[in-house]
Amino acid sequence: QVQLVQSGGGSVQAGGSLRLACAASGVTSGSYCVAWFRQAPGKEREGVATISRNGDRAYVADSAKGRFTISQDSAENTVYLQMNSLKVEDTARYYCAARSPCPLLIGAEPPTSAGFYNSWGQGTQVTVSS
């Protein structure tokens, strides 16, 4: 099973930037796709971004579109979430999740359904202050 270790996050003022990283190990199938989720206290978990197994398709939720970018470094088995122009409402605990092996999704990005993923990172807190 794939193990995910997250890094990054922290506290920043509104308008600032942060980058989260999700490093995968134990990838034996050679393919995995990744999603970033977040959950704020009292709110439902939200799928923020997903990226396909070869990085050619990515999805970003409307709430983050134009501000967040998901990318991957295949050589390092690491997926990044670059978050710019952060807002107070982006405050949440962020989790990366992976599905390995990842099925071939023709013409579609990986979904934001939590049940699709079989490995989860430990979570990292992002706090945006006004």
Could you grab the distance from atom CZ of Arg45 to atom OG of Ser113, nearest 0.5 Å is fine?
-> 10.0 Å
Looking only at heavy atoms, the pair that brings Arg53 and Leu104 closest together is NH2-CD1, 3.7 Å
Is the backbone N or O of Ser74 less than 3.5 Å from a side-chain atom of Glu76, with the two atoms forming a donor-acceptor pair by type?
-> no
Check whether any side-chain heavy atom of Trp36 sits under 4.5 Å from a side-chain heavy atom of Gln6, and report yes or no.
-> yes
Is there a side-chain contact between Ile70 and Val79 (heavy atoms, below 4.5 Å)?
-> yes
Heavy atoms only: give me the nearest Gly47-Tyr59 pair and the separation to one decimal.
-> O-CE2, 4.5 Å
Taking only residues at least two apart or on different chains, which pairs with a member in residues 83-92 satisfy side chain to side chain donor-acceptor pair (under 3.5 Å)?
-> Ser17-Asn84, Arg38-Asp90, Arg67-Asp90, Gln82-Asn84
Spacing of CZ belonging to Arg19 relative to CE belonging to Met83, to within rounding of 0.5 Å = 11.0 Å
Indicate the atoms forming the closest heavy-atom contact of Leu4 with Ser119, along with that distance.
-> CD1-O, 3.6 Å
Can you find a heavy atom in the side chain of Thr50 that is under 4.5 Å from one in the side chain of Arg57?
-> no
With hydrophobic residues grouped by side-chain heavy-atom distances under 4.5 Å, do Val12 and Leu81 end up in a single group?
-> yes
Parallel, tilted or perpendicular: rings of Phe37 and Tyr117 (30°, 60°) | perpendicular
Closest non-hydrogen atom pair, Gly121 against Tyr95 = O-CD2, 3.8 Å
Those residues that, when tested against Asn118, pass side-chain contact (heavy atoms from CB on, under 4.5 Å) (two or more places apart) = Arg99
Hey, can you pull the donor-acceptor pairs under 3.5 Å for the side chains in residues 123-130, sequence neighbours left out?
residue: Thr124; atom: OG1; partner: Gly8; partner atom: O; Å: 3.0
residue: Gln125; atom: NE2; partner: Ala92; partner atom: O; Å: 3.4
residue: Gln125; atom: NE2; partner: Thr127; partner atom: OG1; Å: 3.4

Closest heavy-atom pair, Phe116 versus Pro111, reported as atoms and distance to 0.1 Å, is CG-CG, 3.5 Å
Is Val2 reachable from Tyr80 through a run of I, L, V, M, F, W or Y residues, each pair having side-chain heavy atoms under 4.5 Å apart?
-> no
Any idea how Tyr94 and Phe68 line up, ring-wise: parallel (<30°), tilted (30 to 60°), or perpendicular (>60°)?
-> tilted
Tightest non-hydrogen contact, residues Ala21 and Thr78, listed as CB-CG2, 4.1 Å
